[in-house]
Amino acid sequence: MLKVYNTLSGKKEIFKPIEEGKVGMYVCGNTVYDFCHIGHARAMISFDIISRFIRHLGYELNYVRNITDVDDKIIKRAQENNETTQTLTERMIAAQQEDELRLGNKMPNREPKATEFMQEIIDMVQVLIEKGFAYQGTSGDVYYRTTVFSEYGKLNNRKLEDMLAGARIDVEIAKEHPADFVLWKQTKEGEVFWPSPWGNGRPGWHIECSAMATNCLGSHFDIHGGGPDLKFPHHENEIAQSEAATGKQYVNYWMHCGAVRVNNEKMSKSLGNFFTVRDVLAKFNPEVVRYLMVSSQYRSAIDYSDQSLLEAKVALERLYTALRQQNIASSYAPTNYTERFEEAMKDDFNTALAVSVLFELVRELNKAKTEDQVKASELAAELLFLAELLGLLYQEPDYFLQNSTVSEGFDEVRIQELIDERTQARKDKNFARSDEIRDELVSNGIELLDSREGTSWTRS
RNA sequence: GGCCGGAUGGCAGAGUGGUCAUGCAGCGGACUGCAACUCCGUUAACGCCGGUUCGAUUCCGACUCCGGCCUCCA
C-alpha cells in the first residue's frame with residue numbers, strides 16, 4: 001500500500017490511481033534559459049526516484065515532464081546574448097539532458113515543449129473566454145478571471161481577500177482584479193510571437209502546463225509534481241485554468257519536493273546563491289550529488305555545502321567498498337532487507353530510511369564475505385537491485401572509488417607505478433620505503449587498501 | 001499580517017506512546033609489518049512550558065526560535 005503526501009490535503013494519503021494499474025504523472029520541468037542548478041537537480045532526481053518506485057510496484061506509469069521554451073526570461077536572455085530564443089533554448093535543453101544523464105536519471109516518457117502546443121494553448125484560452133473565466137484587458141492581454149473560480153487558493157489555503165493584504169501584487173490597470181494573471185500576452189517589437197484570435201503574442205507562464213498536461217494525460221490525472229516554489233502561484237493557477245476549462249478535477253495528488261538551501265537560505269535564481277550542476281560535477285562524481293538528495297526524504301529541506309557533499313561521498317564509498325571485488329549472484333531470494341526497503345519507500349518515498357536499510361544489508365554482506373561467499377554474493381545482488389531503485393550503485397566499484405572526486409593530482413598510471421614499487425618494497429620488508437610511498441600518495445589524496453588480492457586505491 | 005513546514009545525540013538524518021534507526025566523528029577491542037578497509041563492543045538526543053496517560057521525544061495546547069510561500073524562481 002503506497003502512501004503519498006498530498007499538498008492539496010496536507011496529509012499522507014493512500015495512493016489509488018484513477019485507472020487500475022495505470023498512473024499518469026506530470027512534473028513541471030525547467031524554463032530553459034540557463035544551466036540547471038542543484039535545486040533543479042533535486043526536483044529531477046526526486047521525481048525520477050518516485051517514477052522508478054511507482055513502476056517497481058507494477059504500475060504502468062506515463063511520466064510527462066514539460067520544457068518551457070517560451071518565456072520572458074528566455075526572450076531577455078536571448079536578446080542579451082544576441083541570439084534567437086530558439087538557439088538559446090536548444091542549447092540549454094541539450095545541456096539539461098547531459099546534466100541529467102550524468103546524474104543518473106531515466107528520461108520521462110515524454111517531454112513536451114510549450115512551443116509545440118501553441119494551438120492547444122490558444123484553444124484552452126478560447127474556452128476560458130467562452131466560459132467567462134477569462135477576458136481581454138484594456139492592454140490587449142488576456143487575463144484569467146480569478147474572482148469567478150470559487151476554489152481559487154485551495155492548493156495553498158489562501159483566500160483572494162487575504163492575498164490582497166500582502167499588497168505585493170502588481171496593480172495593473174488593465175486587470176479587473178489584482179490577482180488575475182496573464183493567459184496570453186501581446187508581443188512587443190522584436191519578440192517571438194504566434195498569431196492568435198487576440199493578436200500576435202505568446203502564452204503566459206501558467207497556461208502552457210495546463211494545456212500540455214491535459215493534452216498528454218487527460219483532463220483528470222493522478223499525480224502532478226514540481227519544486228516547492230511552484231505551489232504558488234504556478235500550480236494554483238494551473239488548477240484554476242484547467243478545472244475552469246474542463247469542468248473536472250484536474251489532479252488527484254499534488255507532490256512537491258523540498259528546497260535546497262545554502263547557508264540556511266533557499267537556493268534560487270533571484271537570490272543568485274545557486275550552484276549549477278556543472279559547478280558541482282567539476283568537483284565530485286555525479287553520484288555523490290544523487291546520494292546527497294537520496295539521503296533525506298524528498299520533502300525535507302536539504303542543506304547544500306561542500307561539507308554535506310563530502311559526507312555523502314564518504315557514505316557512498318562505504319556502499320561501493322562492500323561491492324569491490326565481490327561476486328554478484330545471478331539470482332537471489334529477497335530477504336527481509338527488501339521488505340523493509342519497500343516498506344520505507346511505500347511510506348511517501350522515504351529514501352532516507354530506505355538507504356539505512358542498505359547500510360544494514362552492507363554490514364551483513366561484509367561479514368558474509370569471510371564466512372559464506374554464496375550468501376555474500378546473493379546479498380550483493382540484492383543490494384544492487386535495491387540501490388537501482390534509487391538510481392545508485394550503477395558504476396563499477398573501482399571506477400567510483402577512484403573517481404569519487406575530480407582531482408588534478410596523480411594520474412592512474414603514476415599511482416599504479418607507485419603501488420607496484422611499494423608492493424615490491426613490502427615483499428622485501430623494506431617498510432620504511434613502503435610507508436614513504438603510502439604517505440606520498442595520501443598527501444596527494446590517494447588512499448591505499450591492502451588485501452590478499454593486492455592493493456587497491458581510492459581517491460579521498 | 002495570512003498560509004505552510006521544521007526544531008532529534010558532536011555533525012547529518014530517520015522514526016516511535018514503553019526495546020535498535022542509519023552514516024560520519026569519538027572510545028575500547030579484533031584484523032594488519034604499520035595503516036586503511038572490514039568486523040565486534042561502546043558513549044551519546046529528542047527546543048521550552050503545561051495537559052492527557054501507569055508511561056511521551058512521539059498525542060493535545062501555549063510559547064520561543066528557524067525556514068518557505070504570499071513577486072520571477074525546481
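Proteins get letters first, then strands, A, B, ... in listed order; numbering begins at 1 in each. The shown structure was predicted, so the numbers you read here are calculated from the model rather than taken from an experiment.
- Atom CD in A:Q297 sits about 16 Å away from atom C1' in B:U8, given to the nearest Å.
- The base of B:G68 is not paired with the side chain of A:D229 by any donor and acceptor separated by under 3.5 Å.
- Note on A:V260: a base of the nucleic acid sits closer than 4.0 angstrom, heavy atoms only.
- Each of B:G68, B:C39, B:G33 was ranked by its minimum atom distance to the side chain of A:K367; first place goes to B:C39.
- Counting non-hydrogen atoms under 4.0 angstrom, A:A315 reaches the backbone sugars and phosphates but no base.
- If you check every strand for non-hydrogen atoms under 4.0 Å, A:D72 touches nothing.
- Distance noted for atom C1' between B:G61 and B:C69: 26 Å (whole Å).
- Taking the 5.5 Å centre cut-off and the 30° plane limit, the aromatic side chain of A:F359 is not classed as stacked on B:G23.
- Using a 4.5 Å heavy-atom cutoff, the side chains of A:F181 and A:H234 are not in contact.
- The side chain of A:A352 sits closest to B:A14 out of B:C11, B:A74, B:A14.
- Neither OP1 nor OP2 of B:C39 sits under 4.0 Å from any side-chain N or O of A:K369.
- With a cut-off of 3.5 Å on both pairing distances, the Watson-Crick or G-U wobble partner of B:C69 is B:G2.
- Atom NZ in A:K266 sits about 14 Å away from atom C1' in B:C4, given to the nearest Å.
- Counting heavy atoms from C-beta outward, A:L271 and A:M267 have side chains that stay 4.5 Å or more apart.
- Taking every side-chain heavy atom of A:K73 into account, B:C72 is the closest of B:A14, B:C72, B:C69.
- Between the P atom of B:G23 and the CG atom of A:L392 lies a distance of 16 Å, rounded to the nearest Å.
- Taking the six-membered ring for Trp and the full ring otherwise, the centers of A:Y250 and A:F221 sit less than 6.0 Å from each other.
- Rounded to whole Å, the P atom of B:U32 lies 22 Å from the corresponding atom of B:C27.
- Here B:C72 is the nucleotide among B:C40, B:A21, B:C72 with the atom lying nearest to any side-chain atom of A:P233.
- Between the base of B:G33 and the side chain of A:R426 there is a donor-acceptor pair shorter than 3.5 Å.
- Checking B:G67, B:C34, B:C39 against every side-chain atom of A:N366, the shortest atom distance belongs to B:C39.
- B:A12 and B:A25 are spaced 11 Å apart, taking the C1' atom of each and rounding to whole Å.
- Note on A:N156: every side-chain N or O is 4.0 Å or more away from OP1 and OP2 of B:C3.
- The residue among A:R299 and A:V357 whose nearest nucleotide of RNA chain B is located toward the 5' end is A:R299.
- Proximity note for A:T321 (side chain, C-beta onward) versus B:G33, B:C37, B:C40: the nearest is B:C37.
- Going from atom CD of A:E371 over to atom P of B:C31 covers 16 Å, rounded to whole Å.
- Two residues are said to be in side-chain contact when any heavy atoms from C-beta on lie closer than 4.5 Å; A:R65 and A:M44 meet this criterion.
- Of the residues near RNA chain B, A:S296 and A:G10, the one whose nearest nucleotide (by heavy atom distance) lies more toward the 5' end is A:G10.
- Look at A:R452 and you won't find any side-chain N or O under 4.0 angstrom from OP1 or OP2 of B:U32.
- Here the separation of B:U22 from B:U16, taken at their C1' atoms, is 15 Å to the nearest Å.
- Nearest to the side-chain atoms of A:S270 among the listed nucleotides B:U38, B:G13, B:C72 stands B:C72.
- Distances were taken from every side-chain heavy atom of A:M267 (C-beta onward) to each of B:A21, B:C34, B:A74; the shortest belongs to B:A74.
- Within 4.0 Å (heavy atoms only), A:E360 reaches sugar-phosphate atoms of the nucleic acid but no base atom.
- Across the C1' atoms, B:A62 and B:A21 are found 31 Å apart, a figure rounded to whole Å.
- Taking atom P on both nucleotides, B:G47 is separated from B:G13 by 15 Å, rounded to a whole Å.
- B:U38: Watson-Crick or G-U partner is B:A30, with both key distances under 3.5 Å.
- When the C1' atom is compared between B:G15 and B:U52, the two are found 22 Å apart, to the nearest whole Å.
- No side-chain donor from either of A:Q186 and A:S139 sits under 3.5 Å from a side-chain acceptor of the other.
- The side chain of A:R318 sits closest to B:C39 out of B:G13, B:A35, B:C39.
- For a distance-only test at 3.5 Å, the side chain of A:R438 qualifies as a donor-acceptor partner of the base of B:A35.
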Please report the C-alpha distance between A:R278 and A:E98 in whole Å, then the side-chain angles of each, then the deciding distance to 0.1 Å, and finally whether the salt bridge (charged side-chain N to carboxylate O under 4.0 Å, His left out) criterion is met.
CA-CA 10 Å; A:R278 277 145 200 252; A:E98 195 182 301; 3.6 Å; yes
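- When the nucleotides B:A74, B:C4, B:A14 are ranked by their closest atom to the side chain of A:N157, B:C4 comes out on top.
- Counted within 6.0 Å of NZ on A:K3, heavy atoms from surrounding residues, nucleotides or ligands total 12 or fewer; the atom is thus considered open.
- One finds a side-chain N or O of A:R363 lying less than 4.0 angstrom from the OP1 or OP2 phosphate oxygen of B:G23.
- Side-chain atoms of A:Q373 and A:Q326, non-hydrogen and from C-beta on, do get closer than 4.5 Å to each other.
- Note on A:S300: a side-chain N or O is less than 4.0 Å away from OP1 or OP2 of B:A14.
- Atom CG of A:L155 is separated from atom P of B:C70 by 13 Å (rounded to the nearest Å).
- Base engagement by A:G258 is indicated by at least one non-hydrogen atom pair under 4.0 Å involving a base atom.
- Across all strands, A:H256 comes closer than 4.0 Å to no nucleic acid atom at all (heavy-atom distances).
- Taking atom C1' on both nucleotides, B:G67 is separated from B:C54 by 39 Å, rounded to a whole Å.
- Straight-line distance from the CD atom of A:E364 to the P atom of B:C40: 10 Å, rounded to whole Å.
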Going through the distances and angles, do A:L155 and A:W254 end up as a side-chain contact (heavy atoms from CB on, under 4.5 Å)?
CA-CA 9 Å; A:L155 182 66; A:W254 284 90; 3.8 Å; yes
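- Using Watson-Crick or G-U wobble geometry with both donor-acceptor distances under 3.5 Å, B:C48 finds no partner in any strand shown.
- The nucleotide B:A56 finds no pairing partner, because no Watson-Crick or G-U wobble arrangement with both distances shorter than 3.5 Å includes it.
- Checking A:E382, A:E364, A:E342 one by one against A:Y337, the side-chain hydrogen bond (donor to acceptor under 3.5 Å, both in side chains) holds for a single residue, A:E364.
- B:U64 is paired with B:A7 under the Watson-Crick or G-U wobble criterion, all donor-acceptor distances under 3.5 Å.
- Base contact: A:L448 has a heavy atom under 4.0 Å from a base atom.
- A:N273 places its CG atom 10 Å from the P atom of B:G68, with the value rounded to the nearest Å.
- Note: CD (A:E236) to P (B:C69) measures 16 Å, nearest angstrom.
- Backbone-only contact: A:G226 has heavy atoms under 4.0 Å from sugar-phosphate atoms and none from a base.
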